Amino acid sequence: QVREELKFITAQVKVIRYIQSVYGCRNCEKNEINVPIVTAAAPKAIIPKSLASPSAIAYVMSQKYVEAMPLYRQEKHFERLGINLSRTAFSNWVIKGGEMLEPIYNRMHELLLERDILHADETPLQVLKEPGRAAQKKSYLWLYMSGRYGPPIICYEYQPGRGGEYPVRFLKGFAGRLHADGWHAYDDLKNVTLSGCWSHARRKFCDALAIVPEKHRDAPAFLANIAIAKIKRLYRIEDIFCNVTPERRLAARQRLSKPVVDAFKEWLDKESSSVLPRSLLGKAFTYCKNQWPKLIQFLDDGRLEIDNNRAERSIKPFVIGRKNWLFANTPSGAKTSAIIYSIVETAKENGLDPFGYLNFVFERIRAEGPVKA
């Protein structure tokens, strides 16, 4: 008989003490001759005059940016492990470690711009000490990531606003297709074709349905229900051809999805005059009609997605973390967070353990010096 059970082995923290022997010639010193000093080899401190090790920095980073544990909670966690270190020390480790990771982030950015299909999204971020701005002002964390083909790359970027100049600057040199959710900031991009998000279109009809009294929500004649049903047909087709080649997916979309899309457009045009423009249902109709040239892009390229859910899934870890640590203190801290989120989320997308990858990188940096840009 075989029985299995899980045994949990708690984390341990150990202080590693490096003792270096230093040798000098006493006879040379006594006779005032140049004294040769020989010091035994020892690993360098990754952050001078601190207790930080590659594994300690990697652990603090992964706890905050992967497990969403704020530094003040990590401070208490380390106390229970027998180590008294302040959150200020952890913050310094994170900032210094982020500086070491920046060349990797910059290289990821360069490789991202070489792709021809990207996704983009953005979400609010509060930064308390931005020069010339009140603490209550919204800043934003922007996300740019590669499509489904090729090794995944995810780059976050902190910016103080949500204007079009930010994606224009970050995506300078990029030419191709960009999945986005309809925010007008992406409209200023040159040599870029925007691909719309059917998930956002469906969501707006769901919002309109949510305010209808519950006893009437399932009425088949209700326009929101009809729209949602038509969009669901598109998603069922996508589910069937999710894992086929782009060529087969394109053929399926032309054969099966295009008639559904054409019928949906005909229905939109017919029914739009019967809804109030400022109602939630009217706004759902307006969104679809305004976004229509972008919503139909997926029909012409089998490599494109029907929505921007890849970006939304990748920005969710930051949103979860934000609920715990609430804000960034300074722009420098916000930039560091963007760099570290980029590294750990890209590691996750490539099937790597974020802590193990960070530890590997910091061990290499300690052994070989800073990463060259």
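The first residue of the sequence shown is numbered 1, and numbering continues consecutively from there. Just so it is clear, the model here is predicted, and its values are computed rather than measured.
For Phe170 and His109, the distance between ring centers is under 6.0 angstrom. Taking the six-membered ring where the residue is Trp, the centroids of Phe318 and Tyr65 are separated by 6.0 Å or more. You'll find the ring centres of Phe264 and Trp198 inside the 6.0 Å limit. Ring centroid separation for the pair Trp292 and Tyr287 does not come in under the 6.0 Å cut-off. Ring-centre distance between Phe285 and Phe205: below the 6.0 Å cut-off.
Between Glu157 and Lys335 there is no salt bridge, since no side-chain nitrogen of the basic residue lies less than 4.0 Å from a carboxylate oxygen of the acidic one. Between Arg202 and Asp207 no salt bridge is recorded (no basic side-chain N to carboxylate O distance below 4.0 Å). In this structure, Asp116 pairs ionically with Arg303, as a charged nitrogen and a carboxylate oxygen lie closer than 4.0 Å.
No continuous path of hydrophobic side-chain contacts links Phe241 to Tyr149 [ILVMFWY only; heavy atoms under 4.5 Å].
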Going through the checks in order, is the side-chain hydrogen bond (donor to acceptor under 3.5 Å, both in side chains) test met by Ser53 and Ser55?
CA-CA 5 Å; Ser53 68; Ser55 62; 3.1 Å; yes
Report the C-alpha distance between Tyr235 and Asp307 in whole Å, list the side-chain angles of each, state the deciding distance to 0.1 Å, and finish with yes or no for side-chain hydrogen bond (donor to acceptor under 3.5 Å, both in side chains).
CA-CA 10 Å; Tyr235 274 91; Asp307 52 38; 2.7 Å; yes
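The side-chain heavy atoms of Arg366 and Pro43, taken from C-beta on, include a pair separated by under 4.5 Å.
Aromatic ring pairs are classed by plane angle as parallel below 30°, tilted from 30° to 60° and perpendicular above 60°; the pair Tyr186 and Trp142 is perpendicular.
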